[in-house]
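Since the structure comes first, as structure tokens, the remarks are kept for the end.
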Amino acid sequence: MGRSVARDLAGLIVTLLVSSFVVFAALYLAPGNPVAFLTKGRPVSAATVAQLNAYYHLNQPFGIRYWDWLTGILHGDLGTSIIFGIPVSSLIGPRVTTTVLLVVYAWLLIVLSGVTLGVLSGIRGRMTDAVISAGTTVGLATPVFVAAIVLITVFAVDLHWFPTLGAGSGLVGRIHSLTLPAIALALGGSAYVARVSRTSVRDAETREFVETARGRGLPPGHVLTHHVLRYALIPISTVTGITIASLLVGTVIVEPAFGLSGLGSLLVQSVEDHDFPVVQAISLILVTAFVVINVAVDMLYPLLDPRITR
Amino acid sequence: MAGRGWYAGWYGSLVAAALGVALVVGCSSGGSSGPGAAGGGNATPGATAGSTAGWVALTPAAKGPVSSITWDLPDGEPTSLDPTQSAAQPENTVLANLCESLVRLTPQLTYAPGLTTSYSQPNPTTWVYDIRQGVHFWNGQPLTASDVVYSLERNLSPSVASLWGDPFYTDVKSIKATGPYQVTVTLTQPDVVFNEMMATAAGAIGEASYIQAKGKSYGTAKGGLMCTGPYELQSWTPGSQLVITKNPNYWDSALQPKVGKITFLFITDPSTVTNGLVSGQIDGAYEVPISAVPTLRQSSVGQLYLGTSTEFSVLSFTTKAGPIRNPLIRRALSLALNRQAIASTVFAGTAVPAYSLDFPSTWGYAKSTFQQGYNALVQGAATNLTEAKKLVVQAGSPKQALSMLVSADDPGAVQTALYVKSAASQIGLTINIAQVPAAQSLSIQFDPKARVAYDIMMQDVGYYDIPDPIEQALFSLQPGALFNYDSYTNTQVDKDITAAQGTSDPVARATLINQVMAQAIGKDAATVVLVNFAERLFMNASITGAPAGIPAYLYYPWAALVGSSK
């Protein structure tokens, strides 16, 4: 176990190094200059451009700029935003909370509704299966921004049950404000998890060990929880781990639609503005989150299926 | 699902029903009925199509205090509130209420004393400003001449890289305190525009010692500001909101704010802004998206106002070798355009055709002189396909296609580009539209090397900071000028612009500008102006009072006029 933790850590660091290099190179190669965004496209004199380029080290070669950034990170310095002129850490700090809350909320909705609906669909009769399958089709087919518009129009503008925008304050206020965005975000993932759950439950039901358990007279509830679900949970947990990646990507659409100030909206804006330090910092966070979650899912397998060793 | 015929029937109809419900709900709510639908909403003040006569400078006066309001900035979050870096709508909308300038631009676009009690021009190259006494910064420190000198001089510093430096401070020789409450600015050549710009953020004053202490972080969320205005910067959470609160010690007793606290949001997505306004979560906004206009016109939650405006859209040309370098082709294109259609369709009736950079909304003085010049120009510029085709033939009927750069993220710009393309094809010119994401098109406009890939650039929004047509002439028509993308050069035009810049007599100045426009726009079509569009202001029914026009709200402390409508 000690060896595998060290191996995981080494893997994380290598992944971070490679991805940070790729992201930096991609932004460097992409056409555009942050100075253009600083001045909002308003042309300035060549002297001013030279001045700003020098101040933000934009004229230095790629290697030196990447190295400067890397050494800064290793000292715990995320750098200063070119566009906002404030430390990247103060730009990101408040937004991390919003995005984390949103993603966790959406993920809980996905797990609870997706697994429940999928299991129900798998074990109940044709009518239930039909209704739930129809629902998941709509959920899979609906783009996130369409879901956002419909949810805002119905539940916020017409019914006034939720605010139309903003992340709210205080724990209860935040959960209230993040409900519609979480639902919009969770729709696709929930449908996907429901489908996979349904298939794996149905697959489990056909297995001999389940027939044997039933044949031995064990109560149906016990068979369901201790035999069917234990078996079905492996593919289900893999899928729920993967949906986190799609949730992180989905925040890029959901956050602007609901006027939420989170990492997704900041990432889009910073890429457009070529705000290098901010893009690098957010990429690091996203890659770390993704790797950590995958490792956590990996660690879950032996608990579900002792045949799998790490 | 083989072998499940009846199941497929249930399934299919359930899916269809679910989608149908979603579509009906999405489309019917939110008031998507077009203008002209009966019921609900109030007539938009200022909405006489095709005329600026109804555009208003002010909204009905406020009647009482309000403790707090939420205001949106649809163009996004300010990047910095340092006046030297504030030359765009998000920054100036906020800054106008915080930092004051030497001269005050009123909502009626006249000049009044601001932080000066008077100013004079003892000779053409000298401006003397008498600083108002008894004014204090938010921290209680008094405003003195040294603060004024320090603040103005920052615009000359290369390390500050002020956005106002070029062209407005290029004639400045020295800025000196000539008394504890007097500042004298000496110029290298006669310049009246410098004084006019002292009514904008170019002339905004902050406390010298505070600015020095904060250095590069002045104006950022971390460094804050130290100014004299009716509101103070209370807090700024980047990405989330910016809060300003009433200054209890504000010097101007005639302009005491009624709103205690204003929270600025940075929502840019058009449907989110619309939903926020319609649901009442946002109390007001300037520059509401065009796409929101039909909904907001109908809404009973508040009122949409069309304000007086110096905003315009233009076609700019580059230095790319090709047919567009021939003035005959540029004039032909201008003659072929149907500006009225663009004004009605693209701008939902909130715009009027404009034929020159000195369109009527910019006439802050010598109106009848400008009227004469503009009328003469319009006569030769009104839509005339026959004349346009003749010019194309005269230019040799070029077959080479022209490329036009448009920001893909702006549906209005794309629509306008299609009108231009269609007008061109009617006279035998081919235009290929290059739709490019907004961020990239901004970069291209900014970079002289990248621009050259395109013949024409569709430029959506320009606006005058001051009611003086010479401003855009200075920006676009002189060699080396910042917006002179096509390197337009005409010695006489250049001379006339410099002369006009130094001429105090309004009629003489207007005459010179008429000459400039007749040559540069009328004959040479250095740039093709399309429309002048109104400012779009929406306020919740519970509040009123905000000035409705641009550039008024960019430099006048508009928030001090806002209050409750009851």
Side-chain angles (χ1 to χ4, degrees), chain A residues 31-33 35-45 47-48 51-52 55 81 83-87 90-91 94-95 126-127 129-131 133-135 137-138 141-142 146-147 149-150 152-154 156-158 160 163-167 256-259 261-262 265-266 269 271-274, chain B residues 4 7 10-12 14-15 17-19 22 25-26 29-30 76-77 79-80 85 87-88 158-159 161-163 165-166 216-217 219-223 237-241 265-269 271-273 275-276 278-279 281-282 437-447 450 482-483 485:
Chain A
N33 180 333
V35 173
F37 303 99
L38 269 179
T39 61
K40 298 268 167 56
R42 189 177 177 125
V44 288
S45 63
T48 309
Q51 170 75 28
L52 289 167
Y55 181 75
S81 159
I83 301 298
F84 288 96
I86 57 176
S90 52
L91 208 50
R95 294 165 183 258
R126 282 181 170 174
M127 263 301 284
D129 193 10
V131 170
S133 290
T137 305
V138 174
T142 310
V146 171
I149 291 173
V150 173
I152 295 177
T153 309
V154 173
V157 178
D158 288 347
H160 296 284
T164 58
L165 51 90
F258 285 91
S261 153
S265 51
L266 181 60
Q269 196 192 334
V271 167
E272 284 189 346
D273 295 348
H274 285 252
Chain B
R4 292 189 166 189
Y7 168 93
W10 272 109
Y11 179 87
L14 278 166
V15 173
L19 282 171
V25 155
S29 319
E77 180 171 5
T79 48
S80 166
Q85 307 302 315
S159 60
S162 165
L163 297 178
D166 183 356
K216 266 282 178 195
S217 74
T220 66
K222 204 172 74 149
T237 316
S240 178
Q241 62 182 37
L265 300 180
F266 316 127
I267 314 290
T268 55
D269 181 82
S271 68
T272 315
V273 174
N275 286 329
V278 162
S279 70
Q281 226 181 321
I282 301 175
Q440 211 185 323
S441 90
L442 203 66
S443 281
I444 293 172
Q445 275 182 37
F446 183 81
D447 181 359
L482 295 176
F483 287 95
Y485 296 124

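A note on names: the letters A, B, ... follow the listed sequences, proteins ahead of strands, and every chain is numbered from 1.
Neither the backbone nor the side chain of B:I444 comes within less than 4.5 Å of any heavy atom of chain A. Both the backbone and the side chain of B:T79 come within less than 4.5 Å of a heavy atom in chain A. Neither the backbone nor the side chain of B:S441 comes within less than 4.5 Å of any heavy atom in chain A. Only the backbone of A:P256 comes within less than 4.5 Å of a heavy atom of chain B; no side-chain atom from C-beta onward does.
Taking both residues in full, the closest heavy atoms of B:T272 and A:F258 are given as CG2-C, 4.2 Å, listed atom of the first, atom of the second, then distance. Counting all heavy atoms, side chain and backbone alike, A:L91 lies closest to B:P238 at CD1-CB, 3.5 Å. When all heavy atoms of B:G276 and A:T164 are compared, the pair lying nearest together is CA-OG1, 3.6 Å. B:K222 approaches A:P87 most closely through the heavy-atom pair CD-CD, 4.0 Å.
Distance NE2/A:H274 to CD/B:Q440: 8.0 Å, rounded to 0.5 Å. Considering CG of B:L442 and CG of A:D273, their distance stands at 8.5 Å, rounded to 0.5 Å. To the nearest 0.5 Å, the span separating CD on A:Q269 from CD on B:E77 amounts to 7.0 Å. B:S217 OG to A:I86 CD1: the interatomic distance, rounded to the nearest 0.5 Å, is 10.5 Å.
In this structure, the side chains of A:L165 and B:L265 come closer than 4.5 Å at one or more pairs of heavy atoms.
Most heavy-atom pairs under 4.5 Å with chain A, from the set B:S240, B:G219, B:A438: that is B:S240. For the set A:G262, A:G85, A:A156, A:A257, the entry with the most heavy-atom pairs within less than 4.5 Å of chain B is A:A257. When each of B:P437, B:S279, B:G239 is checked for heavy-atom pairs under 4.5 Å with chain A, B:G239 comes out on top.
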